[in-house]
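Heads up, the thing below is written out as structure tokens.
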Amino acid sequence: MDKAVQELLDLHAIKQVMIRYADRIDANDPEGAAACFAEDGIGNYWGIYKGRSEIAARLTELIKDYAVTSHHLSNENIQLAGDKATSMAYVYAFHRMIDSGEPMHYWGRWIDSFVRVDGEWFIAEREVIGIDLIFPGVKKRDSVKPRHPGYIER
Amino acid sequence: MDKAVQELLDLHAIKQVMIRYADRIDANDPEGAAACFAEDGIGNYWGIYKGRSEIAARLTELIKDYAVTSHHLSNENIQLAGDKATSMAYVYAFHRMIDSGEPMHYWGRWIDSFVRVDGEWFIAEREVIGIDLIFPGVKKRDSVKPRHPGYIER
Amino acid sequence: MDKAVQELLDLHAIKQVMIRYADRIDANDPEGAAACFAEDGIGNYWGIYKGRSEIAARLTELIKDYAVTSHHLSNENIQLAGDKATSMAYVYAFHRMIDSGEPMHYWGRWIDSFVRVDGEWFIAEREVIGIDLIFPGVKKRDSVKPRHPGYIER
């Protein structure tokens with residue numbers, strides 16, 4: 001197959017991994033989300049988690065306080081390199097808190113690397129960066145760190 | 001043409017139907033949105049509406065209270081099967097209410113099937129699911145149903 | 001190369017220009033964002049700005065009051081015409097205001113034309129339209145103009 005066509009298929013397949021991951025999180029299925037990682041994949045979720053089972057446990061913890069989550073992806077800039085790839089993508093996530101019933105909003109980045117194993121793409125490593133939040137009742141934010149990756153301070 | 005190339009073109013064309021539908025809704029053009037459906041298409045908008053004219057009438061009703069709508073699509077997972085396709089996509093929709101002048105926010109899913117007629121893709125059936133909302137002045141939400149499709153209760 | 005493959009590559013490349021522009025704005029890099037324009041590009045940001053240096057100066061002014069911005073793109077409808085292209089895309093942008101520490105939300109449209117120069121795509125002209133906003137402490141909006149492009153008044 002034409003190299004350009006293969007690359008277009010790879011871009012599509014990698015984006016679909018991101019979409020499946022979001023689908024699994026929003027379906028309250030941390031194991032399904034963790035299955036988007038390679039077996040030796042690494043999740044950097046405010047701490048390093050190695051392998052699908054550690055990642056699933058961490059995701060379980062991260063979503064336990066929410067009755068609803070909705071992870072809306074955009075701005076993916078996937079860079080292919082044969083059987084590997086890197087990407088940054090934007091995520092806006094809506095959350096409904098179980099305790100208070102109030103909404104929480106999150107704006108973040110996924111800094112990813114991907115790997116192709118037996119013809120299928122998996123997340124090799126994902127670092128999650130939250131660049132801003134709105135918590136119920138909190139009008140102001142004390143810190144604006146971390147920044148968008150590569151933010152230029154002036 | 002190469003089968004893979006045809007599939008990439010189909011994925012693109014189907015996504016453009018979704019985008020045109022959103023454009024038409026946001027342009028206050030329910031007839032234009034309904035024209036994205038096949039002639040015998042079915043819209044499941046909290047009730048079943050059959051054919052473009054029923055769908056246009058239903059959409060007219062659904063958007064009549066809003067001075068502004070803005071439907072932001074993402075996370076489309078289109079699955080091709082020849083001249084048919086299925087998809088789930090995420091939608092966040094901003095609304096400005098005519099009466100109060102206040103904003104309303106909506107997070108939903110489009111559960112779609114598509115059909116190719118004379119070389120052009122149309123929506124065969126669309127079910128719209130709203131998984132959460134923020135109405136002005138409403139801090140809490142009594143029910144979190146319906147859920148994200150396939151949500152795992154624990 | 002197959003014409004259809006070239007067009008799919010062009011669609012991808014043009015979307016990546018939009019994504020890089022958003023990345024550069026969110027990284028507080030107006031010069032980097034302006035470099036997404038052709039040398040004689042035109043930015044219509046509530047006024048006409050010609051060439052990268054005028055555009056960078058205008059962008060600097062537009063983002064100076066925000067500690068954080070996050071521009072989430074979607075709904076791009078890119079139309080190719082050889083070495084030129086046009087597009088409308090949706091943008092939701094989160095902002096954190098420096099002075100008050102409060103959030104500001106923006107829903108807009110990018111009305112773009114693109115040009116290919118030496119094999120690389122650039123923005124030839126961009127008109128930015130904000131169709132709605134939420135400012136802290138402002139519950140209602142006095143005007144709903146400008147409208148979504150092509151909005152049908154009834």
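For the numbers below, each heavy atom of this structure counts, side chains included, while hydrogens, waters and symmetry mates do not. All chains are named by letter (A, B, ...) in the order of the sequence lines, taking the proteins before the strands, and each is independently numbered beginning at 1.
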Counting only non-hydrogen atoms closer than 4.5 Å, does [X] touch chain B with its backbone (N, CA, C, O), its side chain (CB onward), both, or neither?
X         : answer
Glu7(C)   : neither
Val138(C) : neither
Leu73(C)  : neither

Out of curiosity, [X] [atom1] to [Y] [atom2], how far, rounded to the nearest 0.5 Å?
X         : Y         : atom1 : atom2 : value
Leu133(C) : Phe94(B)  : CG    : CZ    : 8.5 Å
Tyr92(C)  : Ser74(B)  : OH    : OG    : 13.5 Å
His95(B)  : Asp132(C) : NE2   : CG    : 11.5 Å

(request) Determine the sole option in Asp29(B), Asn28(B), Asp23(B), Thr69(B) for which the side-chain hydrogen bond (donor to acceptor under 3.5 Å, both in side chains) test with His148(C) is passed. (result)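 The option that passes is Asp23(B).
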
(request) Just do the side-chain contact (heavy atoms from CB on, under 4.5 Å) check on His12(C) and His12(B) with the steps written out, would you? (result) CA-CA 11 Å; His12(C) 175 70; His12(B) 175 69; over 6 Å; no

(message) Using every non-hydrogen atom in the two residues, find where Gly150(C) and Ala27(B) come nearest and quote the distance to one decimal.
(response)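 Scanning both residues completely, I find the closest heavy atoms to be O-CB, 3.9 Å.
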
Side chain, backbone, both or neither: which part of [X] has an atom under 4.5 Å from a heavy atom of chain C?
X        : result
His72(B) : both
Glu76(B) : neither
Gln16(B) : side chain

(request) Could you tell me which of Ile19(B), Leu8(B), Asp26(B) has the largest number of non-hydrogen atom pairs under 4.5 Å with chain C? (result)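 With the most close heavy-atom pairs to chain C, the winner is Asp26(B).
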
(message) Parallel, tilted or perpendicular, judged at 30° and 60°: which one describes the rings of Trp107(C) and His105(B)?
(response) tilted

(message) If you define the side chain from C-beta out and look only at heavy atoms, does anything of Ile131(C) sit under 4.5 Å from Val68(B)?
(response)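 Heavy-atom side-chain distance check passes, below 4.5 Å.
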
(message) If you define the side chain from C-beta out and look only at heavy atoms, does anything of Asn77(C) sit under 4.5 Å from Arg20(B)?
(response) no

